[in-house]
Amino acid sequence: MYETKTLKEKIKLFGIILIPILITQIGMYLMNFFDTIMAGQSGPDQLAGVAIGSSIWMPVFTGLNGILMAISPIVAQLKGAKKENEISYSVKQGIYLSIVLASGIGTIGFFLLDPILSLLDITPEVRHVAKYYLVTLGIGIVPLFAFNILRSFVDALGQTKVSMTVILMTLPINVLFNYMFIFGRLGAPELGGIGAGVASALTYWVSLVILVSIVHKIRPLRTYKIFQSWISPEWKEWWAQLKIGIPIGFAIFFETSIFAAVTFFMTAYDTNTIAAHQAAINFASLLYMVPLSIAFTLTIAVGFEVGAERHKEARTYSYLGIASAVTMSIFAGLVLFIFDDAIARLYSTDDRVIELTKNFIIYAIFFQLSDGFGAPLQGILRGYKDVNITLVMAFISYWGIGLPSGYWLANYTALGPYGYWLSLTIGLTAGAITLLIRMLYIQKRTPPISSTS
């Protein structure tokens with residue numbers, strides 16, 4: 001990150017930071033994407049099992065990872081304020097915190113997994129796949145969380161090409177592991193959907209090893225000496241990060257968990273419906289990586305300018321990001337509309353599953369637009385470190401408005417399972433409106449001081 005003087009310079013810097021983040025996010029999501037597609041080729045039961053497992057895991061992962069994302073605005077603001085000597089301390093404490101959180105969630109999951117799965121009305125085969133997909137995935141929780149701390153640190157410095165490079169190196173490895181463990185190739189056991197969990201866990205370990213090597217050995221990252229002069233864990237710094245991270249994590253959890261809740265409600269329908277739902281949500285989520293990447297970029301850019309007390313520049317980046325995200329979401333909606341049949345056939349060869357997937361994709365077009373507006377607003381507010389009220393807004397929008405409306409639409413209208421998908425649009429739209437109001441309030445009370453004005 002560096003100071004910019006003109007709008008043209010801001011657009012250029014925004015793109016320089018965004019493009020590697022976007023490639024990184026797409027690469028990370030493609031791991032889940034290939035898990036789903038390749039498991040789907042093993043049959044509807046395998047796809048449904050991975051769907052259930054992913055729906056349990058993703059809200060937990062994104063929520064806890066949201067807590068760890070506190071390191072991004074912290075580092076961005078320290079860099080903007082020219083306090084780079086404090087960055088190493090914060091990152092080291094963040095690594096400790098990530099290991100503790102990962103170990104804790106692994107322990108909790110060990111005791112709660114069977115009771116959670118027993119609540120779902122699914123076949124024994126689907127339950128078996130879901131359980132052991134999560135068990136094998138758990139082998140990679142600690143490296144995954146540590147990787148994301150380091151990635152947030154690297155990205156907040158503006159070195160986003162590093163994360164991109166790591167993901168591009170490990171994505172083919174993930175596909176290879178999927179090929180081996182899902183289909184039993186190259187001497188590996190044939191595990192079906194469970195093999196996708198094994199592949200992801202092994203890939204997380206490889207990713208961490210590569211990123212640690214880069215941070216430790218390559219300039220300018222090695223100047224921060226993250227893996228030198230080890231310090232003791234300090235609760236005071238953990239708490240400082242948790243005060244920012246917990247609201248971020250829970251806000252993200254409330255958004256992603258509504259998707260998981262919808263999947264759980266889908267278990268009331270047949271296996272084909274569950275498989276089609278997962279296929280459509282999987283591809284729509286891949287397109288969501290665009291506004292999500294813009295949100296991450298905004299956290300870095302806005303945080304940097306706020307740290308330097310250049311509030312006018314922070315506002316300019318905010319509106320630049322919102323306009324970019326909305327434009328790209330409109331394009332994503334067109335992709336879904338035009339290529340619905342081709343997308344559905346990526347996931348299944350079953351005619352019934354394909355037809356149901358195409359129906360779900362139509363509804364996905366609308367919540368793509370809501371997400372395109374809401375995601376960058378979240379990134380902007382994180383850049384301001386304004387996270388507490390956002391948490392309340394997220395809970396009300398997604399769980400107070402979105403999910404209840406979905407239950408009513410699905411059970412008391414002719415929409416059936418599609419009612420839940422309509423509720424996603426309702427909840428995300430409510431969230432975007434409240435986030436916009438909050439952003440305007442924050443920016444109005446912040447003096448538009450600029451070193452360039």
Side-chain angles (χ1 to χ4, degrees), residues 1 10-37 58 61-62 65-66 68-69 71-72 75-76 143-144 147-178 199-200 203-204 206-215 218 220-221 252 282-301 303-304 317 320-321 323-332 335-336 339 343 346 368 371-372 375-376 378-379 382:
M1 283 298 300
K10 286 179 174 60
I11 293 173
K12 180 181 178 181
L13 178 58
F14 192 83
I16 289 172
I17 298 170
L18 169 63
I19 291 173
I21 289 179
L22 176 58
I23 294 173
T24 301
Q25 285 302 125
I26 291 175
M28 291 182 70
Y29 195 80
L30 280 175
M31 293 182 188
N32 179 262
F33 178 73
F34 286 124
D35 284 355
T36 305
I37 286 182
M58 288 309 294
F61 163 64
T62 53
N65 190 53
L68 300 176
M69 281 171 58
I71 204 68
S72 187
V75 171
L144 175 62
F147 172 86
N148 279 304
I149 277 284
L150 291 174
R151 182 209 160 183
S152 295
F153 152 66
V154 170
D155 287 352
L157 295 175
Q159 301 292 323
T160 52
K161 289 183 179 179
V162 172
S163 301
M164 177 188 72
T165 301
V166 175
I167 294 301
L168 290 179
M169 290 172 65
T170 54
L171 181 58
I173 295 173
N174 177 253
V175 174
L176 175 61
F177 285 151
N178 271 334
S200 294
T203 304
Y204 297 151
V206 173
S207 301
L208 178 62
V209 170
I210 295 173
L211 186 55
V212 167
S213 299
I214 292 173
V215 170
I218 296 179
L221 299 174
I252 294 173
N282 184 259
F283 193 85
S285 298
L286 175 62
L287 296 178
Y288 173 63
M289 294 302 104
V290 177
L292 181 63
S293 299
I294 291 173
F296 288 160
T297 305
L298 284 168
T299 297
I300 296 167
F304 178 77
Y317 276 119
L320 174 63
S324 301
V326 171
T327 300
M328 293 305 296
S329 292
I330 292 172
F331 176 75
V335 169
L336 289 170
F339 299 104
I343 293 167
L346 284 173
Q368 281 288 319
D371 257 338
Q378 293 181 45
R382 286 196 291 267

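In this text, all values refer to a predicted model and were calculated from it rather than measured experimentally. Counting from 1, the numbers follow the sequence of the chain as shown.
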Interatomic spacing from [atom1] in [X] to [atom2] in [Y] - rounded to 0.5 Å:
X      : Y      : atom1 : atom2 : result
Ser207 : Met169 : OG    : CE    : 9.5 Å
Ile71  : Ile149 : CD1   : CD1   : 5.5 Å
Leu287 : Asp371 : CG    : CG    : 11.0 Å
Arg151 : Leu144 : CZ    : CG    : 11.0 Å
Ile218 : Ser213 : CD1   : OG    : 8.5 Å

Over all atoms of both residues, closest heavy-atom pair of [X] and [Y]:
X      : Y      : answer
Leu298 : Tyr317 : CD2-O, 3.1 Å
Ala199 : Thr203 : O-OG1, 2.7 Å
Leu168 : Pro172 : O-CD, 3.2 Å
Gln368 : Leu336 : CG-CD1, 3.8 Å
Ile167 : Phe147 : CD1-CZ, 4.0 Å
Ile300 : Asp155 : CD1-O, 3.2 Å

For [X], check side-chain contact (heavy atoms from CB on, under 4.5 Å) against everything at least two apart and list the hits.
X      : result
Leu171 : Leu30, Met31, Phe34
Pro291 : Tyr288, Ala325, Ser329, Ala375
Val206 : Thr170, Ile173, Ile210
Thr299 : Ser72, Pro73, Arg382

Exercise. Does a side-chain heavy-atom distance below 4.5 Å link Asn174 with Ser200?
Worked result: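 They are in side-chain contact.
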Problem set entry | Side-chain heavy atoms of Ile214 within contact of Val154, under 4.5 Å |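 With C-beta onward as the side chain, the pair stays apart.
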Problem set entry | Under the ring-ring contact (aromatic ring centres under 6.0 Å, His included) test, residues paired with Phe296 that sit two or more places apart |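 Phe296 satisfies ring-ring contact (aromatic ring centres under 6.0 Å, His included) with no residue once adjacent residues are dropped.
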Please tabulate, for the side chains in residues 13-23, all donor-acceptor contacts under 3.5 angstrom to protein atoms that are two or more places apart in sequence or on a different chain.
none

